[in-house]
Protein chains: 2
Amino acid sequence: MSLSGDARSDHGSAASAVADDLAQLILGELAPGQSLPSEADLAGRYSVSRLTIREAVKLLAGRGLLELSRGRRAMVREPDGSAFTDFLTSLVRTDPKGLFDLVEVRLSLEMQSATMAAKRANRAGIIAIENALQGMRDSVGDSPDFADEAAEASFHAFDFGFHEAVALASGNRVLGYLFEAMAVPLREGFFISQRGHADRGHTPQDTIAAHQRILDCIREGNGRAAAEAMRIHLRDTERDIRMALTKMAQSPARS
Amino acid sequence: MSLSGDARSDHGSAASAVADDLAQLILGELAPGQSLPSEADLAGRYSVSRLTIREAVKLLAGRGLLELSRGRRAMVREPDGSAFTDFLTSLVRTDPKGLFDLVEVRLSLEMQSATMAAKRANRAGIIAIENALQGMRDSVGDSPDFADEAAEASFHAFDFGFHEAVALASGNRVLGYLFEAMAVPLREGFFISQRGHADRGHTPQDTIAAHQRILDCIREGNGRAAAEAMRIHLRDTERDIRMALTKMAQSPARS
DNA sequence: AGGATCAAAGGTATCAGATACCTCGGGAGG
DNA sequence: CCTCCCGAGGTATCTGATACCTTTGATCCT
């Protein structure tokens, strides 16, 4: 068990100590939107130079706890999913298996999102999902091919937006933010998968139909079916990624 | 869709720009364990003062990408789950519903862990789980009550270790690190739940039995049963948390 | 009076130079 | 061959100063 509790302190340096102390204050007492005392003020309180305070503040900004802007005091920021992105990005880029680990977890979380969205989505949530789906339709039209690259990019953006809308409609903030954290790393996976997709003869209409099924189940409030529809859809995606990667391993076309 | 892609840049300050650039370098080319050039060197390359470099480095250290230690160069660090902890902590503390959102996601992830552990756990993974369970047994003995506070703390630590071991045995690094990220915030929940637990007449032996069932299913390789055993166990926990919170709302005993 | 303009105050961002202290490797001494 | 010590390289922090941004309130014009 290597769970070090709370101490993120690198090595007991003054800056780290101040940062830890401020983190407690921020997480415990300050609400997002409030601002910290001025650097000079803090320097006085902790009996260190302004420089040390600045470094502590930068440390916290890196953790996503503070938002800095020139000429104004540091503002407490509501942490969000982006904090986890670095880890996932690093994982996907360094560990060959990493992408599949991520996809596996994503499957689980998106099924959960679908289930909860079916149970709890309100009118606005449903509409957001519908809009995303409509956006996918508008991007591609009736043709099995994309008109141009812009249309294809738009299609993917709406596809992504669909999944995001489902996560948000679940009403579970952790799900929403986890999804956000996975966004960038998954985009790399998405990009790869789309190539495999085309190879297997899937059309954008197939993808749209899969999303439509998910939406229908959510609208009906059938959580179990929604999860299943999501599972089928994502399993397809996963298989495509696998195929694309295998193919890439055979004929490496590195940039 | 507010997914800003990659730009974490606060406001185009020099330090942020350097940090972003270094982040690309770290995530793209440097392996964990390697070290950055010296501050003076970097200051030269980017044509900024050493201070600016220091602030950029602190920013990255806050993101968990670098490990700093006095007298040595900054070392590239493998990001881990701790990056997500701040968000969850903030959520649990500020949003009354946050804890339940977290518990809900945790249920999903731990069921996934159990499933995967049943399918893929190797010998070492199983042993780690067994050890945690044995630790729970040793902490409490045959009595329905704990000998002292230390015994109780030890019991909880092993309980926690059990779940961690299952997550690790899943072989999915994302699951492992997500679990790690949830550790501290969940501990708060754990703490609360334990009070409800006692109220409902659950004994430590009940808890041990629940864990034993999970372990058995994993050992048998029965993923579905393992997930179900995990679900039952965690649902109990969740219910206890709910009860404890309701009770607390009625007679607030704040410190 | 009401609104636009501008200057000062308060802040942050960055620079330069200097000191304290830590780490590591190599060489002197045993 | 091992140990101890020292110097080189590095980071941590301090002081003092400058540049530039934001906010605000006083001033001035209409």
Side-chain angles (χ1 to χ4, degrees), chain A residues 7-26 30-79, chain B residues 7-26 30-79:
Chain A
R8 184 92 68 100
S9 47
D10 301 294
H11 49 84
S13 75
S16 308
V18 171
D20 283 347
D21 201 80
L22 284 177
Q24 285 305 319
L25 189 112
I26 292 170
L30 266 47
Q34 289 190 284
S35 47
L36 242 50
S38 76
E39 293 178 352
D41 188 346
L42 289 172
R45 291 193 206 188
Y46 288 101
S47 301
V48 295
S49 84
R50 228 190 94 212
L51 168 67
T52 304
I53 295 295
R54 278 189 72 62
E55 298 196 335
V57 163
K58 290 283 182 186
L59 226 28
L60 296 172
R63 279 167 69 172
L65 263 56
L66 290 177
E67 190 162 357
L68 309 180
S69 53
R70 186 173 198 146
R72 267 185 311 197
R73 295 183 178 179
M75 226 175 50
V76 175
R77 175 173 175 278
E78 185 154 16
Chain B
R8 182 94 66 102
S9 47
D10 301 293
H11 50 82
S13 75
S16 308
V18 171
D20 283 347
D21 200 81
L22 284 177
Q24 285 304 319
L25 188 109
I26 292 169
L30 265 48
Q34 290 189 283
S35 47
L36 243 50
S38 77
E39 293 178 353
D41 188 346
L42 288 171
R45 292 192 205 188
Y46 288 100
S47 303
V48 294
S49 83
R50 228 190 93 210
L51 169 67
T52 304
I53 295 295
R54 277 188 73 61
E55 298 196 333
V57 164
K58 290 281 182 187
L59 227 27
L60 296 172
R63 279 167 69 171
L65 291 172
L66 290 178
E67 190 163 357
L68 309 180
S69 53
R70 187 172 199 149
R72 268 186 310 195
R73 296 184 176 178
M75 225 175 50
V76 175
R77 174 174 176 278
E78 185 154 16

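All values below were derived from every heavy atom in this structure, side-chain atoms included, with hydrogens, water molecules and symmetry-related copies excluded. Letters A, B, ... are given to chains in the order of the sequence lines, protein chains preceding strands, and every chain is numbered from 1.
- Following rounding to the nearest Å, B:Leu59 (CG) and C:dT14 (P) show an atom-to-atom distance of 10 Å.
- Minimum interatomic distance between A:Arg45 and A:Pro37 (heavy atoms only, all atoms of both residues): NH2-CG, 3.6 Å.
- In this structure, CE of A:Met75 is placed 14 Å from P of D:dT22, rounded to the nearest angstrom.
- You'll find that the side chain of B:Ala14 is closest to C:dT14, out of D:dT13, C:dT14, D:dC14.
- Interface residues of residues 31-39 of chain A facing DNA chain C, ordered by number: A:Ser38, A:Glu39; criterion, heavy-atom separation under 4.0 Å.
- No side-chain heavy atom of A:Glu55 sits under 4.5 Å from any side-chain heavy atom of A:Ser13.
- Exactly one residue among A:Leu60, A:Leu25, A:Ile26 makes a side chain to side chain contact (heavy atoms under 4.5 Å, CB included) with A:Val76. That residue is A:Ile26.
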Atom pairs, N/O to N/O, protein against nucleotides 22-25 of chain C, distance under 3.5 Å?
| residue | atom | partner | partner atom | Å |
| --- | --- | --- | --- | --- |
| C:dC24 | OP1 | B:Arg72 | NH1 | 2.9 |

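- For the pair A:Lys58/A:Leu68, a side-chain contact is recorded, criterion being any heavy-atom separation below 4.5 Å from C-beta on.
- Of the two residues contacting DNA chain D, namely B:Ala40 and A:Ser49, the nearest-nucleotide position lying further toward the 5' end is that of B:Ala40.
- Checking D:dC14, D:dT13, C:dA13 against every side-chain atom of A:Val48, the shortest atom distance belongs to D:dC14.
- Regarding A:Asp41, its CG atom lies at a distance of 12 Å from the C1' atom of C:dG11, rounded to whole Å.
- A:Arg73 places its CZ atom 12 Å from the C1' atom of D:dT23, with the value rounded to the nearest Å.
- For C:dA16, neither phosphate oxygen OP1 nor OP2 lies less than 4.0 angstrom from any side-chain nitrogen or oxygen of B:Arg50.
- For the side chain to side chain contact (heavy atoms under 4.5 Å, CB included) criterion with B:Ile53, the lone passing option out of B:Val48, B:Leu22, B:Asp41 is B:Val48.
- Contact check for A:Thr52 versus A:Tyr46: no side-chain heavy atoms found under the 4.5 Å cut-off.
- Between A:Lys58 atom NZ and D:dT13 atom P there is a gap of 16 Å when expressed in whole angstrom units.
- What you find for B:Leu59 and B:Ala19 is that their closest heavy atoms are CD2-CB, 4.0 Å.
- Nearest heavy-atom pair across B:Gly33 and B:Met75 is O-CG, 3.3 Å.
- Straight-line distance from the CG atom of B:Leu42 to the P atom of D:dG10: 11 Å, rounded to whole Å.
- Atom OG of A:Ser35 and atom CZ of A:Arg72 lie 10.0 Å apart (nearest 0.5 Å).
- Between the CG atom of A:Leu51 and the C1' atom of C:dG11 there is a distance of 16 Å, given to the nearest Å.
- Rounded to an integer number of Å, the gap from CD of A:Glu55 to P of D:dT13 is 6 Å.
- Closest to the side chain of A:Ser13, from the set C:dT14, D:dA12, C:dA13, is D:dA12.
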